[in-house]
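Below is one structure; the comments refer to it alone.
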There are 2 protein chains.
Amino acid sequence: MANEGSTLRERKKAKTRAALIDVSQRLFAERGYIGTTLEDIAAEVDVTTQTLLRYFDSKAQLALAPLIAPLEGLEHHLEDQGRSVDTLSAWRLYVQIEAEEAANPSEATTATYVANLRTYHEWVDKDPALVASLSGVERRLQQVLATAMAQDAEVESDDLHSTLVAALLVAGRRAVWDRWMARGPDTGSLVDDQLAVVDYAVASLPRRVLEATE
Amino acid sequence: MANEGSTLRERKKAKTRAALIDVSQRLFAERGYIGTTLEDIAAEVDVTTQTLLRYFDSKAQLALAPLIAPLEGLEHHLEDQGRSVDTLSAWRLYVQIEAEEAANPSEATTATYVANLRTYHEWVDKDPALVASLSGVERRLQQVLATAMAQDAEVESDDLHSTLVAALLVAGRRAVWDRWMARGPDTGSLVDDQLAVVDYAVASLPRRVLEATE
DNA sequence: CTTGGAAGTGTTAGTGACTGACATATCATA
DNA sequence: TATGATATGTCAGTCACTAACACTTCCAAG
């Protein structure tokens with residue numbers, strides 16, 4: 001568990017950050033989202049609420065940190081791969097890695113973390129603000145994805161086809177993920193389902209069909 | 001413009017509600033979302049902020065009222081049509097009506113209203129909270145739509161195919177709408193584009209393809 | 001090892017969205 | 001016109017979030 005941050009300062013930061021997530025995760029699950037104040041969380045981690053807000057932009061961002069992290073990771077992944085690989089391949093790769101990681105967690109991803117993921121829908125779905133926040137993050141991801149694919153295809157950035165494919169990919173990822181979290185631990189293969197959805201989206205939405213009607 | 005509410009009380013309510021939307025719309029456009037306080041809006045309409053909050057659940061709901069209204073109308077439309085018509089037909093009909101209304105507004109829908117729609121992206125997209133709120137409403141709509149379609153097809157409510165079709169329909173509606181708002185007044189037919197996207201979604205996502213991989 | 005500067009944290013004071021309880025005013029209806 | 005319902009105002013309060021400033025902790029260069 002010892003973080004491998006080169007400097008002491010970085011290790012400390014990573015530690016408090018992790019603590020904030022862990023504690024908040026537990027409190028949110030116990031007392032609910034609105035039933036837990038930032039002060040409660042900060043007090044238990046032994047920092048001030050202001051410090052907490054230096055780590056996370058908002059209460060929602062803290063609550064959704066474990067769900068937002070992979071989404072932002074995906075954004076970065078798409079930016080990094082940029083020119084070297086086409087966007088769809090980058091997406092497929094990331095979704096696969098992400099699913100494998102959740103299916104059999106490595107030492108980096110603790111079992112507690114995966115366990116927490118499963119309890120998310122019990123308290124996240126209850127609060128409209130949280131649902132909205134998560135949807136907002138997903139929407140931004142969708143736009144990044146659509147723009148990247150439009151660039152690949154060398155079409156205008158608000159290309160309708162790219163937008164729809166991106167929407168299908170993001171929604172599909174979320175849907176498979178939700179189902180996996182809601183149902184029992186090992187109902188079907190998470191990895192297989194994720195990849196299947198990508199194939200389905202790509203195969204089902206040929207550009208030609210849309211252009212004909214446009 | 002005189003509201004045809006049967007009772008005086010209802011007419012008053014409708015009037016202040018409309019005033020709140022109009023004033024807020026203008027102020028948000030002028031000073032931005034965060035730059036406008038609820039107090040500013042309430043003062044100009046000559047009510048207290050508490051009264052304002054009795055009309056709208058939150059600042060975001062007020063700001064997005066003109067965008068949320070049709071979405072909720074769509075939800076009700078789907079519920080009403082319920083058993084009489086299949087969900088997809090209900091969706092198609094509503095999207096069509098909605099687009100026609102915007103393309104050539106009737107006396108009920110004022111021209112100012114349509115003009116406001118076009119300036120939305122200038123200040124809504126700037127604020128993550130607003131983007132999130134709107135995305136949240138759309139997500140709920142997507143779920144309602146997916147559930148309804150799953151019932152039509154007599155499959156489990158978390159059916160993956162229904163979810164994906166719903167996602168595509170909602171995203172497509174939004175995309176066509178955004179493009180219409182962003183580009184000039186009459187670039188292409190809004191109605192035709194909306195209907196084309198519905199056809200495209202239905203034609204492109206056959207259940208078989210997904211079932212084969214599931 | 002020390003020192004200068006950067007980075008993290010605490011403190012304080014404040015804003016603004018939102019809630020609840022209660023009193024008051026306004027309107028519908030009998 | 002009287003009575004109950006509904007809308008609004010008033011007051012007090014919570015909480016997320018911001019900004020400015022002082023202080024402590026840590027890194028890195030000399």
Side-chain angles (χ1 to χ4, degrees), chain A residues 3-21 23-24 27-28 31-65 68 123-124 126-134 136, chain B residues 3-21 23-24 27-28 31-65 68 123 126-133 136:
Chain A
N3 290 304
E4 296 295 338
S6 51
T7 162
L8 168 63
R9 201 169 251 164
E10 289 178 18
R11 266 173 285 153
K12 267 193 172 180
K13 277 190 69 174
K15 200 173 172 183
T16 42
R17 186 187 163 84
L20 285 171
I21 293 181
V23 169
S24 67
L27 292 185
F28 284 144
R31 316 178 191 172
Y33 181 67
I34 44 175
T36 308
T37 68
L38 293 185
E39 204 179 343
D40 294 339
I41 302 167
E44 198 149 335
V45 183
D46 218 58
V47 292
T48 57
T49 63
Q50 288 72 9
T51 299
L52 188 158
L53 287 167
R54 282 178 185 123
Y55 279 86
F56 299 92
D57 289 340
S58 67
K59 189 181 180 183
Q61 295 263 331
L62 169 61
L64 299 174
I68 290 178
W123 55 276
V124 170
K126 282 177 186 165
D127 201 279
L130 283 183
V131 175
S133 261
L134 188 53
Chain B
N3 289 304
E4 296 295 342
S6 51
T7 163
L8 167 63
R9 197 167 255 167
E10 289 178 16
R11 266 173 287 155
K12 266 194 173 181
K13 276 191 70 174
K15 200 173 173 184
T16 44
R17 185 188 164 86
L20 285 171
I21 293 182
V23 169
S24 67
L27 292 184
F28 284 144
R31 314 178 192 172
Y33 181 67
I34 44 175
T36 308
T37 68
L38 294 184
E39 203 179 344
D40 293 339
I41 302 167
E44 198 149 334
V45 184
D46 218 57
V47 292
T48 57
T49 63
Q50 289 73 9
T51 299
L52 188 159
L53 286 168
R54 283 179 183 121
Y55 279 84
F56 299 91
D57 288 340
S58 69
K59 189 181 180 183
Q61 295 262 330
L62 170 59
L64 299 174
I68 290 178
W123 57 275
K126 282 178 187 166
D127 201 279
L130 283 183
V131 175
S133 263

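Note: hydrogens, waters and symmetry copies are ignored here, and every other heavy atom, side chains too, is used. Numbered from 1 within each chain, the chains take letters A, B, ... in sequence-line order.
Residue order along DNA chain D, read from the 5' end via each residue's closest nucleotide, puts B:R9 first among B:R9 and A:Y33.
Of all the residues in residues 34-45 of chain B, not one reaches under 4.0 Å from DNA chain D with any non-hydrogen atom. Across residues 52-63 of chain B, B:L53, B:R54, B:S58, B:K59 each have a non-hydrogen atom less than 4.0 Å from an atom of DNA chain C (numbered order).
Of the possible polar contacts, none joining the A:T51 side chain to the A:V47 backbone as a donor-acceptor pair under 3.5 Å is found.
Remark: A:A65 engages A:I21, A:F56 in a side chain to side chain contact (heavy atoms under 4.5 Å, CB included) (not counting sequence neighbours). In terms of the side chain to side chain contact (heavy atoms under 4.5 Å, CB included) criterion, residue partners of A:T16 (sequence neighbours excluded) are, by chain and number, A:Y55.
Rounding to the nearest 0.5 angstrom, the gap separating the CZ atom in B:R54 from the OG1 atom in B:T48 is 6.5 Å. Taking CG of B:L62 as the reference point, atom OG of B:S133 lies at 11.5 Å (rounded to 0.5 Å). The CG atom of B:L64 lies 11.5 Å from the NZ atom of B:K59; values are rounded to the nearest 0.5 Å.
When every heavy atom of B:L53 is checked against every heavy atom of B:S58, the shortest pair comes out as CD2-CA, 4.4 Å.
Between A:F28 and A:V124, every side-chain heavy-atom pair lies at or beyond the 4.5 Å cut-off.
For B:K13 and C:dA28, the NZ to P distance is 12 Å, given to the nearest whole Å.
Listed nucleotides C:dT9, C:dT19, C:dA7 differ in distance to A:T16; the shortest reach to its side chain belongs to C:dT9.
OP1 or OP2 of C:dT26 has not a single side-chain nitrogen or oxygen of B:K12 nearer than 4.0 Å.
Taking every nucleotide of DNA chain D with any atom under 4.0 Å from a non-hydrogen atom of chain A, the first and last of them, 5' to 3', are D:dC15 to D:dC27.
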Which side-chain N or O atoms in residues 32-41 of chain A pair as donor and acceptor under 3.5 Å with protein atoms at least two apart or in another chain?
residue, atom, partner, partner atom, Å
A:Y33, OH, A:A60, N, 3.1
A:T36, OG1, A:L27, O, 3.3
A:T36, OG1, A:G32, O, 2.8
A:T37, OG1, A:E39, N, 3.4
A:T37, OG1, A:D40, N, 3.1
A:T37, OG1, A:D40, OD1, 3.2
A:T37, OG1, A:D40, OD2, 3.1
A:D40, OD2, A:R31, NH1, 3.4
A:D40, OD2, A:T37, N, 3.2

